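In what follows, a single structure is set out as structure tokens and then discussed.
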Amino acid sequence: MEKREVDQEEELAATCLCAPAIALNLSATFPVIKACAGLGALEDGRHVHKQLIQSGLESDVFVCNSLVDMYAKCGSIEDAWSVFNKMPSQDVVTWTVIILGHVKCGQGQKALELFRQMQQEGVQPDSVTFVGVLNACASMVAIEEGRCVHQQIIQRGLESNVFVASSLVDMYAKCGSIEEAQRVFYKMPSRNVVSWTAMILGHCGSIEDAWRVFNKMPSRNVVTWNAMVLGHVKCGQGQKALELFRQMQQEDVVTWTAMILGHVKCGEGQKALELFRQMQQEGVQPDPVTFVGVLNACASLIALEEGRCVHQQIVEYGWDSDVFVVNSLVDMYAKCGSIEDAWRVFNRMPSQDVVTWNAILGGCAMHGHGKEALKHFERMCEEGVQPDDITFICLLSACSHAGLVDEGLRCFALMSTVYGISTKLEHYTCMVDLLGRAGHLQEAENMVKAMPCKPQVAALMALLGACRIHGNMEMAERVAKQILEMEPENATGYVLLSNIYAAAGNRHLCENVERQRKEKGAKKEPGRTWIEVNNEVHMFVVEDRDHPQMIEIHAELQRLSGLMRDAGYVPCTEFVLDDVEEEEKLFHLCHHSEKLAIAFGLINTAPGTPLRIRKNLRICKDCHTSTKFISKIVGRAIMVRDANRFHHFEDGVCSCMDYW
DNA sequence: ATAGGGTTAG
């Protein structure tokens with residue numbers, strides 16, 4: 001929606017709301033309800049509704065239809081239904097808006113049921129109803145249902161309606177049937193940008209075909225260009241997407257947002273924030289979706305201060321009641337380690353959904369607060385929020401990071417029996433990680449074998465990582481063999497195995513694996529770590545030797561290692577071979593970007609300042625290797641573990657405890 | 001009323 005239009009609507013809505021004593025009339029009411037719907041202003045909408053009741057206008061069928069529509073668009077489907085049910089009779093518009101409402105909130109199945117129900121009650125669908133129902137089919141990739149609807153459309157002679165036909169093209173394209181999409185497309189008496197765009201998107205599997213359709217278009221607008229940019233992002237051709245983006249004559253908010261989100265997904269949070277700044281410099285107004293992308297970028301960088309500024313802007317723009325934005329805010333604060341801020345946003349929400357709770361639990365997991373995660377999970381259930389499969393992934397990984405084996409096993413069991421959630425491969429993978437990290441290698445391997453289908457590479461990687469932590473070379477070779485067969489071009493398996501050989505002092509085998517890796521063309525991606533120090537985000541790359549403070553950083557690392565050894569920390573595996581030169585040892589000392597970042601953080605911040613560290617998990621595939629040195633960082637404390645104990649270091653003070 | 005970008009995990 002154009003900014004100016006919003007302003008006018010806001011003005012109208014405001015005028016109406018400021019004059020509660022004046023009886024409303026019908027013609028003035030429609031634009032106000034429409035304004036509330038367009039702005040997603042649920043509370044204002046409720047207010048208008050109340051006034052309508054006072055004015056005795058709530059029985060008018062047109063008014064009721066617009067109220068149902070407003071509530072559905074504002075995301076309160078319950079209110080929409082209560083208006084719907086109070087109506088003496090519903091017409092095609094009433095049914096259509098409630099169907100569209102369900103499609104919008106992702107309940108495609110329910111939308112199709114309603115479509116059947118309305119016909120049973122003798123109400124005939126029109127072109128708008130068909131558009132909504134086709135949308136539902138597309139969102140569920142339900143091609144059979146889509147074909148039935150198509151039949152009905154032909155029977156009613158609506159196939160040449162440009163809206164209906166465009167939706168048909170879109171539905172077939174999204175369901176993966178390019179042939180049927182083409183058949184409808186070429187039969188259309190006239191085509192508009194929408195039908196062309198739907199065709200382009202249908203060809204995104206093959207970017208060459210998409211280009212062919214694109215080049216045939218009689219005229220192109222921003223949306224079509226966006227589709228092409230997005231097509232490249234989806235095909236993993238980020239560089240090409242960027243080139244295309246730079247070539248565009250005019251970009252809109254969607255183009256910028258797609259670029260921002262694309263960069264976040266590729267682990268380029270810093271670039272995403274740069275794009276956001278550029279976008280604003282060029283005078284493009286961000287919308288809620290943009291903010292979701294920007295908050296994701298802040299979360300991925302643990303950039304708390306940046307995140308706070310973005311939050312401020314969100315409030316200024318008035319997008320702080322958008323459910324996606326608010327959930328992203330909770331997630332950002334939780335990931336940045338500021339659980340207090342996360343709760344503050346959480347408590348201000350009128351109601352929290354499973355995504356909000358998952359964001360909180362995920363934040364706990366990331367920061368090693370296993371016990372807290374379990375406590376919050378209990379509260380979540382008490383509040384009547386149904387946990388889903390992602391909830392259990394968060395819980396299990398929280399248990400894994402905190403070494404809570406029994407609790408993890410209990411959650412795993414309760415998941416299907418009590419909560420009726422089917423165990424997915426990801427849950428098994430979490431369990432392999434949990435058991436393996438805790439040293440129950442045999443149980444972890446049994447878990448891999450018990451998986452109902454072929455294990456994910458991630459599960460085997462978790463097991464191999466555990467073999468490295470606990471120095472089991474025999475199992476490591478067995479697991480690595482499977483990994484290298486499944487993904488010979490993935491460098492992580494080779495790196496882990498060669499680390500295990502190095503730790504055992506077997507230089508020959510170590511070099512052998514390295515040779516294999518190079519033969520297969522598996523490229524090691526540099527591990528990267530970000531740390532926020534004095535409101536600035538610094539990035540460290542593996543084997544970085546050019547940092548201006550490198551001497552101090554090395555000294556700090558050596559001090560830490562000494563401290564740990566003095567406290568009885570026994571490294572169970574060591575990458576550094578016995579016979580390497582002194583200089584090479586120093587090289588290994590700065591091997592991990594995470595170590596560099598921690599040392600940098602410790603020497604540049606006052607005692608007591610929490611360290612905010614984030615590893616780029618997508619790029620840094622050596623996350624397993626880093627767990628040996630650092631188990632987790634909580635505030636400023638660093639936890640490491642060897643075979644028997646947990647060691648806890650905080651500003652030069654050390655405490656040890658036995659575990660499992 | 002139709003087309004492009006959206007929340008949580010791994």
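Quick note on labels: first sequence line is chain A, next is B, and so on, each numbered from 1. Quick caveat: nothing in here was measured; it's all calculated off a predicted structure.
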Would A:W196 pass as stacked on B:dA3, i.e. its ring centre under 5.5 Å from the base's six-membered ring centre and planes under 30° apart?
-> no

Among B:dA3, B:dG5, B:dT8, find the nucleotide with the atom closest to the side chain of A:T257.
-> B:dG5

Send over the distance from A:M415 CE to B:dG10 P, rounded to a whole Å.
-> 14 Å

Closer to the 5' end of DNA chain B via nearest nucleotide, is it A:V164 or A:K104?
-> A:V164

Taking B:dG5, B:dA3, B:dT7 as options, the one with an atom nearest any side-chain atom of A:V193 is B:dA3

Show me, pair by pair, the donor-acceptor contacts under 3.5 angstrom made by side chains of residues 419-427 of chain A, not counting sequence neighbours?
{"from": "A:K424", "atom 1": "NZ", "to": "A:D389", "atom 2": "OD2", "distance (Å)": "3.0"}
{"from": "A:H427", "atom 1": "ND1", "to": "A:K424", "atom 2": "N", "distance (Å)": "3.0"}
{"from": "A:H427", "atom 1": "NE2", "to": "A:D389", "atom 2": "O", "distance (Å)": "2.9"}

Between A:R308 and A:D341, is there a salt bridge with N-O shorter than 4.0 Å?
-> yes

Please state how far atom CD1 in A:I200 lies from atom P in B:dG5, giving the value in whole angstrom units.
-> 13 Å

Any sub-3.5 Å donor-acceptor pair from A:N192's side-chain atoms to A:S195's backbone N or O?
-> yes

Reckon A:K265 has a side-chain N or O less than 4.0 Å from the OP1 or OP2 of B:dG6?
-> yes

Run the side chain to side chain contact (heavy atoms under 4.5 Å, CB included) check on A:T391 and A:V354 step by step: do they pass?
-> CA-CA 8 Å; A:T391 312; A:V354 64; 3.7 Å; yes

Quick one: list whatever passes side chain to side chain contact (heavy atoms under 4.5 Å, CB included) with A:E145, sequence neighbours left out.
-> A:L112, A:C137, A:A142

Considering only heavy side-chain atoms of A:N358, the closest of B:dT8, B:dA3, B:dA1 is B:dT8

Nucleic acid contacts of residues 286-298 of chain A, taken as heavy-atom distances under 4.0 Å to DNA chain B | A:D287, A:P288, A:V289, A:T290, A:V292, A:N296

When the distance from CG of A:N221 to C1' of B:dA3 is rounded to whole Å, what number comes out?
-> 9 Å

is_close_aromatic(A:F412, A:F392), centroid dist under 6.0 Å | no

Separation of B:dA1 atom C1' from A:D126 atom CG, nearest Å, is 9 Å

Under 3.5 Å, is there a donor-acceptor pair between the side chain of A:D433 and the main chain of A:T429?
-> no

Distance flag, aromatic centroids of A:W343 and A:Y333, threshold under 6.0 Å | no

Ranking B:dG6, B:dT8, B:dT7 by distance to the side chain of A:I390, first place goes to B:dT8

Does a nitrogen or oxygen in the side chain of A:K335 sit under 4.0 Å from OP1 or OP2 of B:dA9?
-> yes

Give a yes/no on whether any side-chain N or O of A:T391 is located under 4.0 angstrom from OP1 or OP2 of B:dT8.
-> no

Using whole Å, report how far CZ of A:F412 lies from C1' of B:dA9.
-> 16 Å

Check the distance between B:dA3's P and A:D170's CG and give it to me in whole angstrom.
-> 6 Å

Return the value, rounded to whole Å, for the distance between atom CE of A:M188 and atom C1' of B:dA3.
-> 11 Å

Separation of atom CD1 in A:I314 from atom P in B:dT7, rounded to whole Å = 14 Å

How would you label the contact of A:V253 with the nucleic acid (heavy atoms, under 4.0 Å): base, sugar-phosphate, or nothing?
-> base

